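Any value given below was found using the heavy atoms of this structure, including those in side chains, with hydrogens, waters and symmetry copies removed. Here the structure is a predicted model, which is why all the values come from computation and not from measurement.
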Amino acid sequence: AKAQAAFLQNGAQTTLADIPKGLLAWPAKGNQYLSSDPSLIGETFDVEDNLAPFYDADGDGLYDPVKGDYPVIPCRNGEAKAYGDQMIFWTFNDVGNIHSQTNGEAIGVQVNALAFAFQTTDDINNMTFYKYEITNKSSNPLYQTYISQWSDPDLGCFNNDRVGCDTTRSLAICYNGTTPDPDCQGEFGYGSQLPIVGIDFFEGPLGDDSLHTPLGLSSFVYFTNGASPAISDPGSAQQYRNYQTGFWADGTPFTSGGTGYNSGGPPTNFIFPGEPCDVNSWSETGPGVTLAAADRRMVQSSGPFTLNPGQPQYVTVGVVFVRPPGNGVGIPPCFSTSIGPADDKAQNLFLTCFKLLDGPDAPTLQIRELSNQLIINLENLPGTNNVGEGYDAVDKGIALQVNNLLGGNGDSTYTFEGYKIFQLTSTTISATDLTDASKATLVAQVDVKNGVSKIINFVRDASLGLFVPILEVTGKDAGISSSFNITQDAFATGTNKDLVHYKTYYYTAVAYSYNNYI
């Protein structure tokens, strides 16, 4: 997707040979390559319906990557231009074959599913996201409809899980019930550094009211593999329906306190909404709860609403995973300080239609070899986002924080600030290796003369629960230069570090931007 988006931004011409197989096989409407090339997926077929979402560069309604079309993440507000580093699409329906899990009747629903993820250097790298387009393909309305996200987390060892929920975030959470988390029955445990995983119900179906208000999360419940039938895996359509609508498998209402089953407390829609680290809140580890850690499953539901024929409804969820340093000693965890901040970042990403801010494009290096020296010139080619060193971009996630913290009176715009040139040890060094002194070393740095010399990022320390300052750049604040004379080998040993003839050297450059929003 990124390669295709770059093609679109650059306005370049492309051929089939330039396009990755995954883009040619994207099952979007009108994809002629799926109908003509069986080597893509092992067969040929026509895509006549609106299946996999895509950016339509020429607006003809048909997917053709040669014309600049590429997969996108759809957004309810129509701003569908973001894409993941990996995207997977599939579709399924409940018509045909035998409903062996529920033994229920077919209702004619089709689900188009899109999974995607991003490669980053922060918490987003450990998140996955899922969008479901749910359509009633029958001719009859489906009344009192509920949509549920079921999961069997199996967090390391599968038989020592505990679960809970954060209703303020619409977040279902699973954590380990023992320290350490051992290996069990062929599954690897997490040892003494315990993780936490959560599923955030970002977007639910629209209600039947005149404003069609998004319903959000309406209930959360767990059940346990191997437990008594009333609170174990459902085995009939009615039992599935019970778990969706606020009842245990046997029809007993969810109640507050204890295990949530026949606890004597008032009816509730959310089981274990408390902080496990708070002895006074209702959680699996709370007072009066005699529930051993086990093979938990959990269900998040949204409803009721009417699913009309041909009118799609959408659900978006995100899976957030954190493994805080030292987590395991402090069992049970606090959701608000362990997984909460990462989930807030995921929520902000959803609110910005999953558009990660692209920093300034790296310049192209034009290198001229002279006697025992290299002349490196930096060029921002047409089609890149830093032509004329004019990169200027708004980070919507920062904008949300600015609105929350400063009442909107802050700067959410990143502007070009400078360049760094590194010497590398090989061609296999990636951007994430640039801080490794054994693989990369800084040989030149220049920045805009604007009074900004040091750039500090505030990075959240999971063990402290605080944002700590990290010095990223110490600039000269002397102005931009685009030509550099390199005469020494930064990795040479001994007293003579001069460049030598007939030896290969490796260099890369990065551009960086600056924002001081608070």
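- Taking the six-membered ring for Trp and thresholds of 30 and 60 degrees, Phe116 and Phe129 have nearly parallel ring planes, at less than 30 degrees apart.
- Taking the six-membered ring for Trp and the full ring otherwise, Tyr175 and Phe335 have centroids separated by under 6.0 Å.
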*Assess whether ring-ring contact (aromatic ring centres under 6.0 Å, His included) is satisfied between Tyr70 and Phe54, documenting all intermediate values.*
CA-CA 5 Å; Tyr70 59 91; Phe54 66 98; 9.4 Å; no

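- Between the CD1 atom in Ile470 and the CG atom in Asn457 there is a gap of 8.5 Å [rounded to 0.5 Å].
- Atoms NZ and CG, from Lys29 and Asp69 in turn, are 13.0 Å apart once rounded to the nearest 0.5 Å.
- Partners of Gln239 by side-chain contact (heavy atoms from CB on, under 4.5 Å), not counting sequence neighbours, listed by chain and number: Pro234, Ser236, Ala249.
- Under the ring pair (Phe, Tyr, Trp, His ring centres under 6.0 Å) criterion, Phe201 pairs with no residue at all, not counting sequence neighbours.
- In terms of the salt bridge (Lys or Arg N to Asp or Glu O under 4.0 Å) criterion, Asp278 has no residue partners (sequence neighbours excluded).
- Contact of the Arg241 side chain with the Phe247 side chain is not registered, since no non-hydrogen atoms from C-beta on lie closer than 4.5 Å.
- Open room surrounds CD on Gln86; 12 or fewer heavy atoms of other groups in view lie less than 6.0 Å from it.
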Would you give me the side-chain donor-acceptor pairs under 3.5 Å for residues 264-274, sequence neighbours excluded?
residue : atom : partner : partner atom : Å
Thr268  : OG1  : Phe270  : N            : 3.2
Thr268  : OG1  : Phe270  : O            : 3.4

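- Side-chain contact, Thr252 with Asp250: a donor N or O sits under 3.5 Å from an acceptor N or O.
- Between the side chains of Asn136 and Gln311, no donor N or O sits under 3.5 Å from an acceptor N or O.
- Ser301 and Ser218 form no side-chain donor-acceptor contact under 3.5 Å, judged by distance and modelled atom types alone.
- Every residue meeting the side-chain contact (heavy atoms from CB on, under 4.5 Å) condition with Ala113, not counting sequence neighbours, appears here in chain and number order: Trp90, Phe92, Tyr132.
- Under the side-chain contact (heavy atoms from CB on, under 4.5 Å) criterion, Ala294 pairs with Thr224, Arg296, sequence neighbours left out.
- Among residues at least two apart or in separate chains, there is no disulfide bond (SG atoms under 2.5 Å apart) pair with a member in residues 83-137.
- Annotation: side chain of Phe350 is in contact with side chain of Thr316 (closest heavy-atom distance under 4.5 Å).
- Among pairs with a residue in residues 195-233, none fulfils disulfide bond (SG atoms under 2.5 Å apart), at least two apart in sequence or across chains.
- Asn97 contributes atom CG, which lies 11.0 Å from atom CG of Asp94 (distance to the nearest 0.5 angstrom).
- Atom-to-atom distance recorded for Leu291:CG and Tyr261:OH is 14.0 Å, nearest 0.5 angstrom.
- Side-chain atoms of Thr285 and Ser283 include a donor-acceptor pair closer than 3.5 Å.
- Between Phe202 and Phe354, the ring planes lie perpendicular to each other; the angle is over 60°, past the 30° to 60° tilted range.
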*Apply side-chain hydrogen bond (donor to acceptor under 3.5 Å, both in side chains) to Thr168 and Asp166, showing your working.*
CA-CA 5 Å; Thr168 65; Asp166 182 340; 2.5 Å; yes

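- No side-chain N or O of Asn125 forms a donor-acceptor pair with one of Thr120 less than 3.5 Å apart.
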Return a table of donor-acceptor pairs under 3.5 angstrom between the side chains of residues 19-28 and protein atoms on other chains or two or more places apart.
residue : atom : partner : partner atom : Å
Lys21   : NZ   : Ser39   : O            : 3.1
Trp26   : NE1  : Pro53   : O            : 2.9

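- Pairs passing the salt bridge (charged side-chain N to carboxylate O under 4.0 Å, His left out) check and including a residue from residues 222-234, sequence neighbours excluded, read Asp233-Arg297.
- Sorted by first and then second residue, the disulfide bond (SG atoms under 2.5 Å apart) pairs with a member in residues 93-128 form an empty list; sequence neighbours excluded.
- Glu275 and Ser336 form a side-chain donor-acceptor contact under 3.5 Å, judged by distance and modelled atom types alone.
- The environment of Phe188 atom CZ is sparse: at most 12 non-hydrogen atoms of other residues, nucleotides or ligands sit within 6.0 angstrom.
- Here the CZ atom belonging to Phe158 is positioned 4.0 Å from the CD atom belonging to Gln185, to the nearest 0.5 angstrom.
- Side-chain contact annotation: Asn308 with Thr306, donor-acceptor N/O pair under 3.5 Å absent.
- Note that OG1 of Thr290 is 11.0 Å distant from CD of Glu284, once rounded to the nearest 0.5 Å.
- Side-chain N/O atoms of Gln244 and Asn242 include no donor and acceptor closer than 3.5 Å.
- Using a 3.5 Å distance cut-off with no hydrogens or angles, the side chains of Asp343 and Gln347 do not pair a donor with an acceptor.
- Pro182 is linked by a side-chain contact (heavy atoms from CB on, under 4.5 Å) to Cys157, Asn160, Thr178, counting only residues two or more places apart in sequence or in another chain.
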*asked:* As a quick check of understanding, evaluate side-chain contact (heavy atoms from CB on, under 4.5 Å) for Asp436 and Leu434, giving each step before the final call.
replied: CA-CA 5 Å; Asp436 187 339; Leu434 296 181; over 6 Å; no

